[in-house]
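The structure under discussion appears below in the form of C-alpha coordinates.
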Amino acid sequence: MTMDVSAAQVHDNPGKFRFELRVGGETGVAMYQRRGNVVVFTHTLVPETLEGQGVASKLIGTALDTVRAASQQVVPLCPFVAAYIRRHPEYRALVVPDYLYLVDGEN
(Lines give C-alpha, C1' and ligand atoms only; values in the text may rest on other atoms or scores of the structure.)
Protein backbone atom coordinates (compact mmCIF):
# COMPACT_ATOMS: atom_id res chain seq x y z
CA MET A 1 0.00 0.00 0.00
CA THR A 2 1.36 3.43 -0.96
CA MET A 3 1.19 6.16 1.69
CA ASP A 4 1.46 9.95 1.34
CA VAL A 5 5.06 10.65 2.34
CA SER A 6 5.02 14.24 1.05
CA ALA A 7 2.86 15.50 3.94
CA ALA A 8 4.88 13.72 6.64
CA GLN A 9 7.30 15.74 8.76
CA VAL A 10 10.76 14.68 9.93
CA HIS A 11 11.48 15.33 13.61
CA ASP A 12 14.71 15.13 15.56
CA ASN A 13 14.20 13.07 18.71
CA PRO A 14 17.41 13.83 20.66
CA GLY A 15 16.23 11.75 23.63
CA LYS A 16 16.36 8.65 21.42
CA PHE A 17 19.28 9.90 19.28
CA ARG A 18 17.36 9.64 16.03
CA PHE A 19 15.50 11.52 13.35
CA GLU A 20 11.98 10.16 12.84
CA LEU A 21 9.46 10.21 10.00
CA ARG A 22 6.00 8.89 10.82
CA VAL A 23 3.76 7.78 7.97
CA GLY A 24 0.50 5.86 8.38
CA GLY A 25 1.27 4.68 11.91
CA GLU A 26 4.76 3.48 10.92
CA THR A 27 8.05 5.22 11.74
CA GLY A 28 11.25 5.38 9.73
CA VAL A 29 14.34 6.36 11.72
CA ALA A 30 17.89 7.59 11.14
CA MET A 31 19.92 6.80 14.23
CA TYR A 32 22.89 8.91 15.21
CA GLN A 33 25.44 9.70 17.89
CA ARG A 34 26.64 13.20 18.66
CA ARG A 35 30.35 13.87 19.11
CA GLY A 36 30.64 17.59 19.82
CA ASN A 37 29.89 19.37 16.55
CA VAL A 38 29.70 16.10 14.61
CA VAL A 39 26.65 13.93 13.95
CA VAL A 40 27.59 10.30 13.33
CA PHE A 41 24.81 8.56 11.39
CA THR A 42 24.91 4.89 12.33
CA HIS A 43 21.79 3.27 10.87
CA THR A 44 18.65 4.01 8.87
CA LEU A 45 15.57 1.82 9.31
CA VAL A 46 12.36 1.99 7.31
CA PRO A 47 9.49 -0.43 7.97
CA GLU A 48 8.92 -2.88 5.13
CA THR A 49 5.46 -1.41 4.49
CA LEU A 50 7.08 1.95 3.67
CA GLU A 51 9.99 0.73 1.55
CA GLY A 52 10.28 2.13 -1.96
CA GLN A 53 8.21 5.24 -1.21
CA GLY A 54 11.01 7.73 -0.62
CA VAL A 55 10.77 7.62 3.18
CA ALA A 56 14.49 7.06 3.77
CA SER A 57 15.45 9.74 1.23
CA LYS A 58 13.15 12.31 2.80
CA LEU A 59 14.36 11.33 6.25
CA ILE A 60 18.06 11.65 5.39
CA GLY A 61 17.67 14.77 3.25
CA THR A 62 15.88 16.58 6.06
CA ALA A 63 18.35 15.30 8.67
CA LEU A 64 21.28 16.57 6.60
CA ASP A 65 19.55 19.93 6.11
CA THR A 66 19.14 20.14 9.90
CA VAL A 67 22.84 19.36 10.42
CA ARG A 68 23.83 21.97 7.85
CA ALA A 69 21.57 24.62 9.45
CA ALA A 70 23.31 23.96 12.79
CA SER A 71 26.77 24.35 11.15
CA GLN A 72 27.67 20.81 12.15
CA GLN A 73 29.49 18.03 10.31
CA VAL A 74 28.61 14.44 9.47
CA VAL A 75 30.22 11.02 9.63
CA PRO A 76 28.12 8.74 7.37
CA LEU A 77 28.77 5.32 8.91
CA CYS A 78 25.32 4.24 7.71
CA PRO A 79 25.68 2.96 4.12
CA PHE A 80 22.37 4.56 3.09
CA VAL A 81 23.50 7.98 4.34
CA ALA A 82 26.83 7.61 2.50
CA ALA A 83 25.01 6.60 -0.71
CA TYR A 84 22.56 9.50 -0.33
CA ILE A 85 25.44 11.97 -0.05
CA ARG A 86 27.09 10.33 -3.08
CA ARG A 87 23.87 10.92 -5.09
CA HIS A 88 23.43 14.45 -3.67
CA PRO A 89 26.90 16.06 -3.76
CA GLU A 90 25.56 19.31 -2.29
CA TYR A 91 25.88 17.54 1.09
CA ARG A 92 29.49 16.39 0.56
CA ALA A 93 30.90 19.47 2.31
CA LEU A 94 29.20 18.32 5.53
CA VAL A 95 31.30 15.16 5.73
CA VAL A 96 34.29 15.23 8.09
CA PRO A 97 37.24 15.10 5.64
CA ASP A 98 38.76 11.96 7.19
CA TYR A 99 35.51 10.11 6.36
CA LEU A 100 35.03 11.17 2.75
CA TYR A 101 36.18 7.70 1.69
CA LEU A 102 32.80 6.42 2.92
CA VAL A 103 31.09 8.63 0.35
CA ASP A 104 33.68 8.26 -2.39
CA GLY A 105 33.93 4.48 -2.07
CA GLU A 106 37.70 4.51 -1.62
CA ASN A 107 39.38 1.76 0.37
Side-chain angles (χ1 to χ4, degrees):
M1 176 203 293
T2 301
M3 312 238 183
D4 184 13
V5 176
S6 64
Q9 298 294 314
V10 175
H11 299 281
D12 185 7
N13 185 339
K16 291 188 176 182
F17 304 101
R18 66 189 198 178
F19 286 90
E20 302 172 338
L21 178 61
R22 291 187 181 94
V23 179
E26 300 279 0
T27 304
V29 299
M31 293 177 270
Y32 64 80
Q33 299 171 356
R34 291 203 182 266
R35 301 280 189 257
N37 199 37
V38 175
V39 179
V40 181
F41 285 98
T42 57
H43 201 62
T44 302
L45 291 171
V46 173
E48 190 174 321
T49 56
L50 297 177
E51 287 179 358
Q53 298 180 51
V55 171
S57 291
K58 181 171 182 172
L59 182 63
I60 298 307
T62 303
L64 291 172
D65 287 341
T66 301
V67 169
R68 180 170 37 207
S71 298
Q72 297 174 325
Q73 291 186 290
V74 169
V75 173
L77 294 183
C78 170
F80 185 86
V81 176
Y84 186 91
I85 294 170
R86 190 175 308 116
R87 288 189 313 271
H88 298 89
E90 65 270 22
Y91 294 110
R92 193 173 191 280
L94 296 177
V95 179
V96 172
D98 287 348
Y99 293 92
L100 281 170
Y101 72 92
L102 295 169
V103 173
D104 295 339
E106 298 173 13
N107 291 324

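Atoms considered below: every heavy atom in the structure, side chains included; atoms not considered: hydrogens, waters and symmetry mates.
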To the closest 0.5 Å, what do you measure between [atom1] ([X]) and [atom2] ([Y])?
X: Gln9; Y: Glu20; atom1: CD; atom2: CD; result: 13.5 Å
X: Tyr99; Y: Ile85; atom1: OH; atom2: CD1; result: 14.0 Å
X: Thr42; Y: Gln33; atom1: OG1; atom2: CD; result: 5.5 Å
X: Leu50; Y: Leu45; atom1: CG; atom2: CG; result: 12.0 Å
X: Thr66; Y: His11; atom1: OG1; atom2: NE2; result: 11.0 Å
X: Glu26; Y: Thr49; atom1: CD; atom2: OG1; result: 3.5 Å

- [ ] Please report the shortest heavy-atom distance between Pro76 and Leu102, naming the atom on each side.
- [x]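 Looks like O-CD1, 3.6 Å.
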
Open item on the list: Tell me the closest heavy-atom pair linking Tyr91 and Gly61, and the distance in Å.
Closed with: OH-O, 3.6 Å

Verify the cluster assignment for [X] and [Y]: are they in a single hydrophobic cluster under the rule of side-chain heavy atoms below 4.5 Å apart?
X: Leu100; Y: Leu94; value: yes
X: Val29; Y: Leu21; value: no
X: Ile60; Y: Val38; value: yes
X: Val39; Y: Leu77; value: yes

Task: Pairs touching residues 14-67 that satisfy ring pair (Phe, Tyr, Trp, His ring centres under 6.0 Å), sequence neighbours left out - done: Phe19-Tyr32

Open item on the list: Give me each pair satisfying salt bridge (charged side-chain N to carboxylate O under 4.0 Å, His left out) with a member in residues 32-46, each pair once, sequence neighbours excluded.
Closed with: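 Sorted result for residues 32-46: Asp12-Arg34.
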
Task: Qualifying salt bridge (charged side-chain N to carboxylate O under 4.0 Å, His left out) pairs, either residue in residues 68-78, two or more places apart - done: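 Salt bridge (charged side-chain N to carboxylate O under 4.0 Å, His left out) check on residues 68-78 returns Asp65-Arg68.
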
Open item on the list: For a 4.5 angstrom cut-off between non-hydrogen side-chain atoms, does Tyr84 reach Leu64?
Closed with: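 They are in side-chain contact.
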
Do [X] side-chain atoms and [Y] backbone N/O form a donor-acceptor pair below 3.5 Å?
X: Asn37; Y: Gln73; answer: no
X: Lys58; Y: Ala8; answer: yes
X: Arg86; Y: Val103; answer: yes

Open item on the list: Could you go through Arg92 and Asp104, starting from their C-alpha distance and side-chain angles, then the distance that decides it, and tell me whether this counts as side-chain contact (heavy atoms from CB on, under 4.5 Å)?
Closed with: CA-CA 10 Å; Arg92 193 173 191 280; Asp104 295 339; 2.6 Å; yes

